[in-house]
Enquirer: 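I'd like to ask you about the structure that follows.
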Amino acid sequence: MTSGAPEPTPDEPGKSTIAGNEAIAHAEERAARTADKNISTLPGLPLPEDTANLRQGPDLHPGLLGLLPLVGVWRGLGEGNDPVHGDFHFGQQVVISHSGENFLMWESRSWIVDPDARYLEPGLRETGYWRISGPDSDETIEFLLTHAEGWIELFYGKPLNQTSWELVTDVVITSASGTENGLKIGGAKRLYGLVEDGDLAYVEERVDADGDLVPRLSAKLSRHIG
């Protein structure tokens with residue numbers, strides 16, 4: 001599987017990711033388009049509102065500074081490979097928000113598109129939470145992810161630098177309904193990174209039926225909010 005998006009790779013993170021100061025500079029350049037936008041919330045709860053814009057709402061919990069560049073709403077296109085349906089193109093929106101507590105909320109929606117990026121049908125959906133545990137010198141990322149198709153994953157990982165993060169599954173649990181639908185989900189590895197133009201790129205590899213780790217998803221997403 002190949003993608004038109006530059007992809008971060010575990011072996012050469014420096015080639016496709018950018019330093020923290022450069023990431024901040026790119027974010028400032030895009031602020032004219034994204035700085036005044038935020039996700040909508042329903043009013044009336046006696047709680048801080050969720051925000052995907054670090055300029056608005058509660059301050060980010062200091063325990064999440066290692067994930068700060070991820071906060072925002074990201075949209076873009078990607079390519080995937082499904083063992084049943086083969087290669088496909090998809091669009092994706094990822095919302096990464098916080099409420100001042102010591103976790104990030106994650107929501108991803110994707111849709112299948114044709115080679116000209118025209119919508120065809122709904123795709124994968126995910127919800128979950130990012131957390132960081134351990135001292136600054138040995139931070140461990142925890143990513144708890146629930147898939148609408150019927151499985152739950154727990155990833156653990158490390159920041160590779162200020163703008164890239166590598167995660168590997170520790171546990172994959174398929175629900176009863178997912179099993180009935182024929183799901184056979186292997187473990188996975190994900191790598192996220194900010195690339196040279198400030199976009200968020202990622203790749204996912206997943207264990208196939210033969211026990212091999214093979215490319216499954218890759219995408220490049222531009223900041224829409226934040």
Enquirer: Any heavy-atom pair between the side chains of L104 and L60 that's under 4.5 Å?
Expert: yes
Enquirer: Run the salt-bridge test on R125 and E149 with the 4.0 Å N-O cut-off and return the result as yes or no.
Expert: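 Not counted as a salt bridge, because no side-chain N and carboxylate O are separated by less than 4.0 Å.
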Enquirer: D197 side chain to D199 main-chain N or O, any donor-acceptor pair under 3.5 Å?
Expert: yes
Enquirer: For G66, is there any backbone N or O sitting under 3.5 Å from a side-chain donor or acceptor partner on W165?
Expert: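 Indeed, once roles are kept as given, a pair shorter than 3.5 Å links the two residues.
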Enquirer: Quick one: sort the F90 and F88 rings into parallel, tilted or perpendicular, breaks at 30° and 60°.
Expert: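 Aromatic pair F90/F88 classed tilted.
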Enquirer: I'd like to check the side chain to side chain donor-acceptor pair (under 3.5 Å) partners of Q56; sequence neighbours left out, ordered by chain and number.
Expert: N38
Enquirer: Applying the ring-ring contact (aromatic ring centres under 6.0 Å, His included) test to W106, which of W74, Y129, F143 qualifies?
Expert: F143
Enquirer: Determine the minimum heavy-atom distance between K158 and E139, stating which atoms define it.
Expert: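 Residues K158 and E139, closest heavy atoms: CD-O, 2.9 Å.
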Enquirer: Check each of H224, E107, R75 against Q93 using the side chain to side chain donor-acceptor pair (under 3.5 Å) test, and report the only one that passes.
Expert: R75
Enquirer: If I compare all heavy atoms of S97 with all of I39, which pair ends up nearest, and what's the gap?
Expert: CB-CD1, 3.9 Å
Enquirer: Which atoms form the tightest heavy-atom contact between Q92 and Y202, and what is the distance?
Expert: OE1-OH, 2.7 Å
Enquirer: Which heavy-atom pair separates R206 from G186 by the least distance, and what is that distance?
Expert: NH1-O, 2.7 Å
Enquirer: Of all the heavy-atom pairs spanning S218 and V203, show the shortest one and how long it is.
Expert: CB-CG1, 3.9 Å
Enquirer: Which pair of non-hydrogen atoms, one from R131 and one from N102, has the smallest distance, and what is that distance?
Expert: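 Closest approach of R131 to N102, heavy atoms only: NH1-O, 3.8 Å.
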